[in-house]
Amino acid sequence: MKGTLILSGLLATVASAHMQLSKPYPIRSPLNKDGKGEKDYSYTNPLSSSGSDYPCKGYANDKFEAVATWQPGSSQEMTLEGSAVHDGGSCQLSLTYDKGKTFKVIESIEGDCPIAKKYQFEVPSDAPSGDALFAWTWFNKVGNREMYMNCAMITIGGSGKRSAAVDSMDHEANRGPMHKLNEKPTEKGPNNHADEQTKNAKSDFSSLPELFVANVNQAGKCVTIEGQAVHFPKPGPKLIGKADGPGYKCSDHAPFLDSDSKSETKSETKPATTGTTKSEKKPGTTLTSAAKSEKQPTITSTTTAAKAASQVSQAFETTAADDHVREASTEDSAKNQFSTYVVEWSCHSGDIICAPDGLSFAMCSNGKPIFMGSVAAGTICRSGVITARQ
């Protein structure tokens, strides 16, 4: 019973540690005390790798109940809640008027998202009035290859009854000269080219790029690369931050990719002794450049796992044998000794370090362990690998 209570506490801790959209409240958010209907108390979980709950965790077709009203051209604030930022990554903000069939990107943030937790953005001045879903998507830099997505129901322009087409025509007639995007390069970022890309684009809302999607078995069959922040091929009208990129690889074409972004190029199969090709110099265009910079998988080697096991054992005055760590008592977990000791060690980025009882773990980032909390129900951490409990 005591062990069960401790495990329940650890699961509660890790559930609150991951990231979720807290303003505006997303659909079925447990943070929205005024929200009607059922709540999703696992809201910090990523989307399923099968794509079964894409988009919006499967809630895009819920009965529409706006949590905010935004005017076109207005400045808004997005806030996030949680602590497991997985060394940052890249995020996009987007809007959809067709319940998730198409998302139009209004801002991209590369490299440090969601570390800041609070972001200011602008609603496009020509965003049609009506019922819309605002989406925050995140591709974490460190950890499993996942896609996080939270969607909030928003009324644009004060009325959900006017058609988007009629409102767009009225807006075009009344707004006067077309607003020009800032032609100065983004202060941070690879985007000495991004402003060229966006300032020459059509300004109407329908021309905005579609949302980048990866790790969830959708168009493009894209997956992100461990240890790299995604450099979005089509970042939209505003790009903040910098990603060395590309941070992803794809096996097919998709609307959110550049025309030459499909992976599996001939240059990938050339021997290692050949010289660098032109395609290798272009960030985010071929699999060759992605594969060159891709780091090793998260799972550690036997030698590294044994070393980590030995460190854990010494901290708890136990001994390791055959690369397996003796289980610590539930009292050790209750005292949280593992989380205290592990953050003081040095390690190799990408390593998984298991607690003696196998119920919690840390992940190495930039040479230092980050305590991640408990493992998922039904699994156990042994010798640097999280597997199903036997």
Main-chain N/O of Ser48 paired to Asp53 side chain as donor or acceptor, under 3.5 Å: yes
Carboxylate-amine/guanidinium contact Arg28 Glu38, below 4.0 Å: yes
Atom of Tyr54, atom of Leu211 and distance for their closest heavy-atom approach: OH-CD2, 4.1 Å
Trace of the side-chain hydrogen bond (donor to acceptor under 3.5 Å, both in side chains) decision for Asp40 with Tyr59: CA-CA 10 Å; Asp40 180 356; Tyr59 307 147; 2.8 Å; yes
Thr79 and Ser22: CA distance, side-chain angles, deciding distance, side-chain hydrogen bond (donor to acceptor under 3.5 Å, both in side chains) verdict: CA-CA 6 Å; Thr79 60; Ser22 59; 3.0 Å; yes
Where Ala243 and Val230 come nearest, the two heavy atoms and their spacing: CB-O, 3.5 Å
Gap between atom CG of Asn215 and atom CG of Asn144 - 0.5 Å precision: 10.0 Å
Backbone N/O of Glu226 and side chain of Gln228: donor-acceptor pair under 3.5 Å: no
Note, Trp136 side chain near Pro114 side chain (heavy atom, < 4.5 Å): yes
Worked check of side-chain contact (heavy atoms from CB on, under 4.5 Å) between Glu110 and Leu239: CA-CA 8 Å; Glu110 294 182 358; Leu239 172 62; 3.6 Å; yes
Side-chain touch Leu257/Tyr248, heavy atoms, less than 4.5 angstrom: yes
Flag, side chain of Lys234 to backbone of Pro255, donor-acceptor distance under 3.5 Å: yes
Cation-pi, Tyr43 ring and Lys57 (6.0 angstrom, 45 degrees): yes
Shortest non-hydrogen contact from Phe361 toward Phe371: O-CD1, 3.7 Å
Set of ring-ring contact (aromatic ring centres under 6.0 Å, His included) partners for Phe121, sequence neighbours left out: Trp70, Phe134
Backbone N/O of Lys101 and side chain of Asp98: donor-acceptor pair under 3.5 Å: yes
Side-chain ion pair, Lys238 and Glu122, N-O less than 4.0 Å: no
Thr224 and Arg145: CA distance, side-chain angles, deciding distance, side-chain hydrogen bond (donor to acceptor under 3.5 Å, both in side chains) verdict: CA-CA 6 Å; Thr224 57; Arg145 302 296 81 210; 3.0 Å; yes
Interatomic distance, Ile27 atom CD1 to Lys39 atom NZ [nearest 0.5 angstrom]: 12.0 Å
Check: Thr379 and Thr387 side chains under 4.5 Å, non-hydrogen atoms: no
For the student: nearest non-hydrogen atoms of Gly358 and Ile380, plus distance: O-CG1, 3.4 Å
Full working for side-chain contact (heavy atoms from CB on, under 4.5 Å) between His231 and Asp244: CA-CA 7 Å; His231 172 47; Asp244 295 330; over 6 Å; no
Over all atoms of both residues, closest heavy-atom pair of Pro72 and Gly157: CD-CA, 3.9 Å
Fellow cluster residues of Val223, listed by chain then number, with links counted only when side-chain atoms sit under 4.5 Å apart: none
Met372 CE to Ile352 CD1 distance, which is reported to the nearest 0.5 Å: 9.5 Å
side-chain hydrogen bond (donor to acceptor under 3.5 Å, both in side chains) between Ser108 and Gln92, worked out: CA-CA 4 Å; Ser108 295; Gln92 285 190 310; 3.0 Å; yes
Asp131 and Ile156: CA distance, side-chain angles, deciding distance, side-chain contact (heavy atoms from CB on, under 4.5 Å) verdict: CA-CA 6 Å; Asp131 295 339; Ile156 305 294; over 6 Å; no
Inter-residue atom distance Tyr148.OH - Glu146.CD, 0.5 Å rounding: 4.0 Å
Shared hydrophobic cluster for Phe232 and Leu47 (ILVMFWY, side-chain gaps under 4.5 Å): yes
Joint cluster assignment, Leu133 & Leu31, ILVMFWY side-chain distance < 4.5 Å: no
Same cluster (ILVMFWY, side-chain, under 4.5 Å), Met153 and Ile106: no
Aromatic plane relationship, Phe205 with Tyr97 - under 30° parallel, 30 to 60° tilted, over 60° perpendicular: perpendicular
Euclidean distance, Ile353 CD1 relative to Ile370 CD1, rounded to 0.5 Å: 10.5 Å
pair Val67-Asn32: side-chain heavy atoms closer than 4.5 Å: yes
4.5 Å side-chain heavy-atom contact, Met19 and Lys117: yes
Side-chain (Thr96) to main-chain (Thr102) donor-acceptor, under 3.5 angstrom: yes
Flag side-chain contact, heavy atom, 4.5 Å: Gln120 against Ser75: yes
Any Glu107 side-chain heavy atom under 4.5 Å of Ile109 side chain: yes
Lys118, NZ atom: more than 12 neighbouring heavy atoms under 6.0 Å: no
Pair Ser50, Asn217: side-chain N/O donor-acceptor within cut-off below 3.5 Å: no
Distance, nearest 0.5 Å, that separates CD1 of Ile240 from OH of Tyr119: 8.5 Å
Selection residues 52-99 - residue pairs positive for disulfide (SG to SG under 2.5 Å), sequence neighbours left out: Cys56-Cys151, Cys91-Cys113
Close side-chain approach of Val123 to Gln76, heavy-atom, < 4.5 Å: yes
Minimum-distance pair of heavy atoms, taken over all atoms of Ser94 and Phe103: OG-CD2, 3.5 Å
Verdict with reasoning, Glu210 to Lys104, per side-chain contact (heavy atoms from CB on, under 4.5 Å): CA-CA 5 Å; Glu210 293 197 28; Lys104 295 297 183 179; 4.2 Å; yes
